[in-house]
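We name chains A, B, ... by the order of the sequence lines, and we start the count at 1 in each one.
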Amino acid sequence: MPELPEVETTRRKIAPLVTGRTVLEIEHFSPDKYPDTELAHGRIISEVQRRGKYLILPLADQAGGPADYELIVHLGMTGGFRLEETQHTRLTLRLNDGALHFHDPRRFGKVRVVRVGDYAALPTLAAMGPEPLEDDFALEPFAEAAAKAGAVKPWLLSQKPVAGVGNIYADEALWRAQIHPAQTRLSAEQAAQLHTAIREVMEEAVNLGGSSLGGGTGNYRQHDGDWGGFQLQHAAYGRGGQPCPRCGTPIEKTVLGQRGTHHCPQCQPS
DNA sequence: TAATATACCTGGCGGC
DNA sequence: TGCCGCCAGGTATATT
């Protein structure tokens, strides 16, 4: 399922296909699910930005002019862009120079057009924490918040301490930092380990094009059908019952905050 | 205010 | 072989 590395990979791949293009029409049959998309018609996509797991496409009414609206896209669990229409195409972005199809089997994805910076309808985006791969993801405020936080994994998934961490990368980062997912109030040393682990995991996953998982409908693939490669590096996520790569103890699968959670009971004691 | 629970959604898969 | 029900999980919303 798309988390920050998968969304960043999508951003890099679709940017050359849409930047500078005029939106002729956004076609779909779900006005409730994809509101205000008609506001994009006739506008020019000036660039493709990313904030956490959201893609943000600023829209200007003339080439080189300031953007007055933004097309916001969240891939949900199964969303992605395709060059060809599929059985699960939910929305089509028709441009003056081709088209992109939003493929989303489980319909958890979101697409909407808003005034620039007006994220009132997207509270998670409005309250998004710092980007993990940017300099503003500073250790000090992270450690300060971690010292007061509840269970660390749900805290990470809230997007407030750091942007873009989902279930897979939360499990992987906690495994690397050797912290139990349910631990509360991290020590300064643990916060520093986790801070480093989040950066490492995200950086490696972005470099490998994200994770593609087999089975279920959670398959993430890039717009051209390419698969990511980070799933081959998973140490904990999806490896319940298999030996921990660090100590050999079987990885335990539990449920925490309604989410499947994987950890090593030896390396990540509670 | 914060933490926790639930709904949304649908294809794959295991069990019978 | 076919049917049934569980499972996956990011976000918004409701509840505690």
Colleague: Taking only the side-chain nitrogens and oxygens of A:H74, find out if one of them lies under 4.0 Å from OP1 or OP2 of C:dT11.
Modeller: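 Checking C:dT11 against A:H74, a side-chain N or O does come within under 4.0 Å of OP1 or OP2.
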Colleague: Quick check on C:dA8: is either OP1 or OP2 less than 4.0 Å from any side-chain nitrogen or oxygen of A:K253?
Modeller: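 Yes, because at least one side-chain N or O of A:K253 sits under 4.0 Å from OP1 or OP2 of C:dA8.
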Colleague: At less than 4.0 Å, is any side-chain N or O atom of A:R107 found next to OP1 or OP2 of B:dT10? Yes or no.
Modeller: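 Yes, such a contact exists.
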Colleague: To the nearest angstrom, how far is A:R51 atom CZ from C:dG10 atom P?
Modeller: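 So the two atoms are 18 Å apart, to the nearest Å.
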Colleague: Tell me: CD of A:Q87 to P of B:dG11, nearest whole Å?
Modeller: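 The distance from CD of A:Q87 to P of B:dG11 comes to 7 Å, rounded to the nearest Å.
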Colleague: Output all residues satisfying side chain to side chain contact (heavy atoms under 4.5 Å, CB included) with A:E189, sequence neighbours left out; order by chain, then residue number.
Modeller: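 A:E189: side chain to side chain contact (heavy atoms under 4.5 Å, CB included) contacts with A:S187, A:Q193.
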Colleague: For the residue pair A:F81 and A:F102, does the interplanar ring angle fall in the parallel (under 30°), tilted (30 to 60°) or perpendicular (over 60°) class?
Modeller: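 Tilted.
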Colleague: Going through the checks in order, is the side-chain hydrogen bond (donor to acceptor under 3.5 Å, both in side chains) test met by A:Q190 and A:Q183?
Modeller: CA-CA 10 Å; A:Q190 288 176 316; A:Q183 185 172 336; 2.8 Å; yes
Colleague: With distance as the sole criterion, do the side chain of A:R259 and the base of C:dA8 form a donor-acceptor contact below 3.5 Å?
Modeller: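 Result: no qualifying N/O pair found.
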Colleague: Tell me, with the steps shown, if A:F137 and A:H195 meet ring pair (Phe, Tyr, Trp, His ring centres under 6.0 Å).
Modeller: CA-CA 9 Å; A:F137 181 40; A:H195 183 267; 4.2 Å; yes
Colleague: Rounded off to whole Å, could you give me the NZ-to-C1' distance for the A:K160 and B:dA3 pair?
Modeller: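 That distance rounds to 10 Å.
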Colleague: For A:D171 and C:dG9, give me the distance from atom CG to atom C1', rounded to whole Å.
Modeller: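 After rounding, the gap between these two atoms is 12 Å.
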Colleague: Over how many whole Å does the gap from A:F108 atom CZ to B:dG11 atom C1' extend?
Modeller: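 These atoms are roughly 12 Å apart.
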Colleague: Rounded to whole Å, how long is the line connecting atom CG of A:N167 with atom P of C:dA8?
Modeller: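 The distance from CG of A:N167 to P of C:dA8 comes to 10 Å, rounded to the nearest Å.
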Colleague: Quick one: A:D104 CG to C:dT11 C1', roughly how many Å, whole number?
Modeller: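 About 13 Å, once rounded to whole Å.
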Colleague: With respect to the phosphate group of B:dA2, does any side-chain polar atom (N or O) of A:K148 fall under 4.0 Å of OP1 or OP2?
Modeller: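 Indeed not, no polar side-chain atom of A:K148 lies that close.
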Colleague: What is the distance from CE of A:M77 to C1' of B:dC8, rounded to the nearest Å?
Modeller: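 Distance, rounded to whole Å: 11 Å.
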Colleague: OP1 or OP2 of C:dT11 versus the side-chain N and O atoms of A:Y119: is any pair under 4.0 Å?
Modeller: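 So the side-chain polar atoms of A:Y119 never come under 4.0 Å of the phosphate oxygens OP1 or OP2 of C:dT11.
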